[in-house]
Number of protein chains: 2
Amino acid sequence: MTSPPAPTPTHRARGDSRDALLTAARELIVGRSYSAVGIAEICAHAGVRKGSLYHFFPGKEALTLAMLDALYADFEREVLIPGLAGANGLHARIEAFVHAIHAFEARMQAESGQLPGCPFGNLAVEMGTHNPTLRRAIRGHLDAVTAHFRSVLDEAVQDGELPGDTNTEALAEQWLALMEGILVMAKADQDPATVLRLGPALVTLLTHSPPEVPHER
Amino acid sequence: MTSPPAPTPTHRARGDSRDALLTAARELIVGRSYSAVGIAEICAHAGVRKGSLYHFFPGKEALTLAMLDALYADFEREVLIPGLAGANGLHARIEAFVHAIHAFEARMQAESGQLPGCPFGNLAVEMGTHNPTLRRAIRGHLDAVTAHFRSVLDEAVQDGELPGDTNTEALAEQWLALMEGILVMAKADQDPATVLRLGPALVTLLTHSPPEVPHER
DNA sequence: CTTGCACTGTACCGACCGGTCAACTAGTGT
DNA sequence: ACACTAGTTGACCGGTCGGTACAGTGCAAG
């Protein structure tokens, strides 16, 4: 423990260039988009030269992939878990979640002047048609979000707030779809109030889950 | 009628270059995205030289604006009106609309190999944060779609299918948001079946409109 | 002290971006 | 026959894109 405070075998001259690149890529790509942000701008924002970027990552796509992993981890820890587990009852949890998203969008707009919408949904739309690697990675993160939604719904079923035969898997996916749509609209408006205005739709969708018509086949 | 079939006063040597440019821009930009398609590619696809493009349009943005106007007009005539007015009853109309959207996405994927999602939603997401002109134009088209949804809901209220105090304006906006979200998910999946899988959420949302809780204030 | 190696800095690449320009072509009105 | 002009053409512009090549640079182990 008296040795220098570097647990890793590398020397790491000064500040971690890799982390700086990931942070810069996150701020810029989330604030704008994948194709609107160039390698040069990411490097400048991170205070790192291009050669270092290509030492740590094979290219822009790999950097973005790593950035998305870190972004999802933070989103899960800072928004998903506290926003969903904080309140009691399904209705209250939905409202808490909507307000957490609203707060995030409003803060981003205050900081950068732009309302970004959902970073994962944005990338899914942007790269869905011409970058299968990124598309699949994003799809995986969206699935992880759906799993969190589902556990909330399962709890609501156990507490008797939803019918026992509720298809929580399907409903969780619908929840995510509506959330993504709300954020598309908010981005089109560039107004965080749109999140609050459309939020009640989530309550309608989630508390009236199976349309009384049994699934005809 | 023995004169050449050109009713307009201009000479128009051969095929309309302007229309060819609009068609090419539509096919390419809808199939991929604004920034992924270049001027050169649009011109090549239209069989027109770059100089002609800049004769008819001041630039890429103006071309896209005109393309979006034509695209919305066609969408309204070919999908929105027949898809919504074809059936009787709200439930049937929703299902007909979902199937119309599914058919469009499946056809696009069969033709171009890519499932595009909603062209307007895509552009809203792509340009929302850094092209206010395009953003506002798209927002206008989305409003026009909402107006169509609302008239369907108003009819349902008049027919007694929805409560008389239904806020059809708010509900129409929620309808659009959910539809956009469904198309984001379908694009992330690159699978038109996602439209059908999530379609029932529209029925839930639209036939249970105001959560029985009166709007607390 | 010397060697090895992770990391950095800079110059450079070909391709492509949106956009400009002047010269040309071909119908139209007089 | 003439001039006018809408439309067309292809060469060209500066700038930026993602990515590459390679010579340093400084730390750590031998």
Side-chain angles (χ1 to χ4, degrees), chain A residues 2-25 28-29 32-68 123 126-127 130-134, chain B residues 2-25 28-29 32-67 123 126-127 130-131 133-134:
Chain A
T2 56
S3 61
T8 56
T10 60
H11 72 112
R12 180 179 311 196
R14 57 169 189 270
D16 310 8
S17 299
R18 210 187 110 102
D19 285 358
L21 286 165
L22 285 173
T23 302
L28 293 171
I29 293 178
R32 295 216 280 284
S33 69
Y34 181 81
S35 51
V37 177
I39 292 287
E41 191 178 1
I42 294 174
C43 289
H45 197 266
V48 159
R49 247 44 64 187
K50 213 189 286 194
S52 294
L53 191 156
Y54 284 94
H55 173 75
F56 290 108
F57 303 97
K60 189 188 185 185
E61 178 185 298
L63 170 63
T64 305
L65 248 13
M67 178 274 281
L68 286 174
L123 266 294
E126 185 181 0
M127 312 311 288
H130 60 281
N131 188 321
T133 306
L134 274 173
Chain B
T2 57
S3 60
T8 55
T10 59
H11 73 112
R12 179 181 312 194
R14 57 170 188 269
D16 309 9
S17 298
R18 210 187 109 102
D19 285 357
L21 285 166
L22 285 173
T23 302
L28 293 171
I29 293 178
R32 294 215 279 284
S33 70
Y34 181 82
S35 50
V37 176
I39 292 288
E41 191 178 2
I42 293 174
C43 290
H45 198 266
V48 158
R49 249 42 65 190
K50 213 189 286 192
S52 294
L53 190 155
Y54 284 94
H55 174 75
F56 291 108
F57 303 97
K60 189 188 185 185
E61 179 186 298
L63 169 64
T64 306
L65 248 13
M67 177 273 280
L123 265 294
E126 186 181 0
M127 312 309 289
H130 61 280
N131 188 321
T133 306
L134 275 173

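Quick caveat: nothing in here was measured; it's all calculated off a predicted structure. Lettering of chains follows the sequences in order, A, B, ..., and the numbering in each one begins at 1.
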- Message: When you compare the side chain of B:Ser35 with that of B:Glu126, does any pair of heavy atoms fall below 4.5 Å?
- Response: yes

- Message: Could you check whether any side-chain heavy atom of A:Leu68 comes within less than 4.5 Å of a side-chain heavy atom of A:Ile29, counting everything from C-beta outward?
- Response: no

- Query: Nearest of C:dC7, D:dT8, C:dC17 to any side-chain atom of A:Phe56?
  - Reply: C:dC7

- Query: Considering only heavy atoms from C-beta outward, does the side chain of A:Phe56 approach that of A:Leu22 to under 4.5 Å?
  - Reply: no

- Atom-pair distance (CG on A:Asp19; P on C:dC7), nearest Å: 12 Å

- Item | B:Glu41 CD to B:Leu28 CG distance, which is reported to the nearest 0.5 Å | 5.0 Å

- Are OP1 or OP2 of D:dG7 and a side-chain N or O of B:Ser17 less than 4.0 angstrom apart? no

- Query: In whole angstroms, how far is the P atom of C:dT8 from the CZ atom of A:Phe57?
  - Reply: 12 Å

- Rounded to whole angstroms, how far apart are OH on A:Tyr34 and P on D:dC17? 13 Å

- Query: Can you name the nearest heavy-atom pair linking B:Leu21 to B:Leu53, along with the distance?
  - Reply: CD1-CA, 3.7 Å

N/O to N/O distances under 3.5 Å, protein versus nucleotides 19-21 of chain C:
unit_1: C:dG19; atom_1: OP2; unit_2: B:Tyr54; atom_2: OH; d: 2.8
unit_1: C:dG19; atom_1: OP2; unit_2: B:Lys60; atom_2: N; d: 3.0
unit_1: C:dG19; atom_1: O5'; unit_2: B:Tyr54; atom_2: OH; d: 3.3
unit_1: C:dG19; atom_1: O6; unit_2: B:Lys50; atom_2: NZ; d: 2.5

- To the nearest angstrom, the CG-P distance between B:Leu28 and C:dG18 comes to 12 Å

- Item | Atom pair distance, as rounded to whole Å: CG in A:Leu53 and C1' in D:dC17 | 14 Å

- Task: Report yes if at least one side-chain N or O of B:His55 is closer than 4.0 Å to OP1 or OP2 of D:dT8; otherwise report no.
- Result: no

- Item | pair B:Ile39-B:Tyr54: side-chain heavy atoms closer than 4.5 Å | yes

- Task: Starting from P on C:dG18, measure out to CG on B:Asn131 and report it in whole angstrom.
- Result: 13 Å

- Message: Distance check needed: D:dG19 P versus A:Ile42 CD1, whole Å only.
- Response: 10 Å

- Which pairs, with at least one residue in residues 55-67 of chain A and sequence neighbours excluded, count as a side-chain hydrogen bond (donor to acceptor under 3.5 Å, both in side chains)? A:Glu61-A:Asn131

- What's the CZ-C1' distance between A:Arg49 and C:dC12, to the nearest Å? 17 Å

